[in-house]
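Notes follow the structure.
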Amino acid sequence: HPYLTNDEDIPFSMLLALSNRKEEDIIKEIEENYKLLSKKFSNKNDMQSLSNILAVSNIKSEEKVNKVFEIYDLLKQNKKKCGGFGIEFLAVLALIDKSSEDIVSEIIEVDEYLSHQKELKLWPFGKTSRLFFAYLLVAMTNIETNSIVNCSIMATTLSSIIAEDIATFLIIFDCSY
């Protein structure tokens, strides 16, 4: 979508372009994912990113989106903020072949472990960044090497780094005036 697509979406676009699927099928699925995601989420850019990531899998859209909702709700119930730079990982986590409960349980366990690491206490972004690392570690330990979902993890990570760099630049730019 021309108004929602930005630099963060380039890795996902490249990933989808490399798939063996027809362009029309990919676009149709992205739009279906977006429509389903709009039942719970309102941030259009987040929904666009989630839709793109979910499109890499051949699982039915309803199933993938429902799992995103389940993971989101479970994280929220456990007071694990899911937003900002980590929202795209909901889609990656939804593609893991485990129950939502097991995935969230692993995230909580990893986040708890990371919270006791003194090196991460120095990290300037605090709990949100630590949770981002927990998402990443859980995703990477549960996805087959060389799978399309593994490529999604890398694309999501790259996208998040781009977004974080842009945010940092804007803060620095804003503070300089």
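A quick note: this is a predicted structure, and the numbers were derived from the prediction, not measured.
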Do any N or O atoms from the side chain of D111 and from the backbone of I107 form a donor-acceptor pair under 3.5 angstrom?
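A pair under 3.5 Å: no.
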Backbone of E101 reached by a side-chain donor or acceptor of S105 within 3.5 Å
no
For [X], give me all partners under side chain to side chain contact (heavy atoms under 4.5 Å, CB included), at least two apart in sequence or on another chain.
| X | value |
| --- | --- |
| N78 | K80, V104, I108 |
| K35 | none |
| E31 | I27 |

Under the rule for ring pair (Phe, Tyr, Trp, His ring centres under 6.0 Å), what residues qualify as partners of F69, not counting sequence neighbours?
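Scan of F69 (ring pair (Phe, Tyr, Trp, His ring centres under 6.0 Å), adjacent residues dropped) gives F41.
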Please table the atom pairs, donor to acceptor, closer than 3.5 Å between any side-chain atom in residues 90-99 and protein atoms at least two apart or in another chain.
{"from": "K98", "atom 1": "NZ", "to": "E106", "atom 2": "OE2", "distance (Å)": "2.4"}
{"from": "K98", "atom 1": "NZ", "to": "N142", "atom 2": "OD1", "distance (Å)": "2.9"}
{"from": "S99", "atom 1": "OG", "to": "D102", "atom 2": "N", "distance (Å)": "3.1"}
{"from": "S99", "atom 1": "OG", "to": "D102", "atom 2": "OD2", "distance (Å)": "3.3"}

Nearest 0.5 Å, please: how far is [atom2] in [Y] from [atom1] in [X]?
| X | Y | atom1 | atom2 | value |
| --- | --- | --- | --- | --- |
| L137 | L114 | CG | CG | 6.0 Å |
| I53 | N33 | CD1 | CG | 10.5 Å |
| Y34 | D46 | OH | CG | 10.0 Å |

Can you find a pair of side-chain heavy atoms, one from [X] and one from [Y], that are under 4.5 Å apart?
| X | Y | result |
| --- | --- | --- |
| R130 | Q117 | no |
| S61 | L54 | no |
| K22 | I26 | no |
| K44 | M47 | yes |

Which atom of [X] lies closest to which atom of [Y], heavy atoms considered:
| X | Y | answer |
| --- | --- | --- |
| S100 | K67 | OG-CG, 3.5 Å |
| S49 | E88 | CB-CG, 3.5 Å |
| L37 | S51 | CD1-OG, 3.5 Å |
| I30 | A55 | CG1-CB, 3.7 Å |

Using the ring of each side chain (for Trp, its six-membered ring), is F89 parallel, tilted or perpendicular to Y135, with breaks at 30° and 60°?
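Ring orientation of F89 relative to Y135: tilted.
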In plain terms, say whether E29 and K64 are close enough for a salt bridge, that is, a side-chain N and a carboxylate O under 4.0 Å apart.
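Salt bridge flag = yes for K64 with E29.
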Side chain to side chain donor-acceptor pair (under 3.5 Å) partners of D73, counting only residues at least two apart:
K40
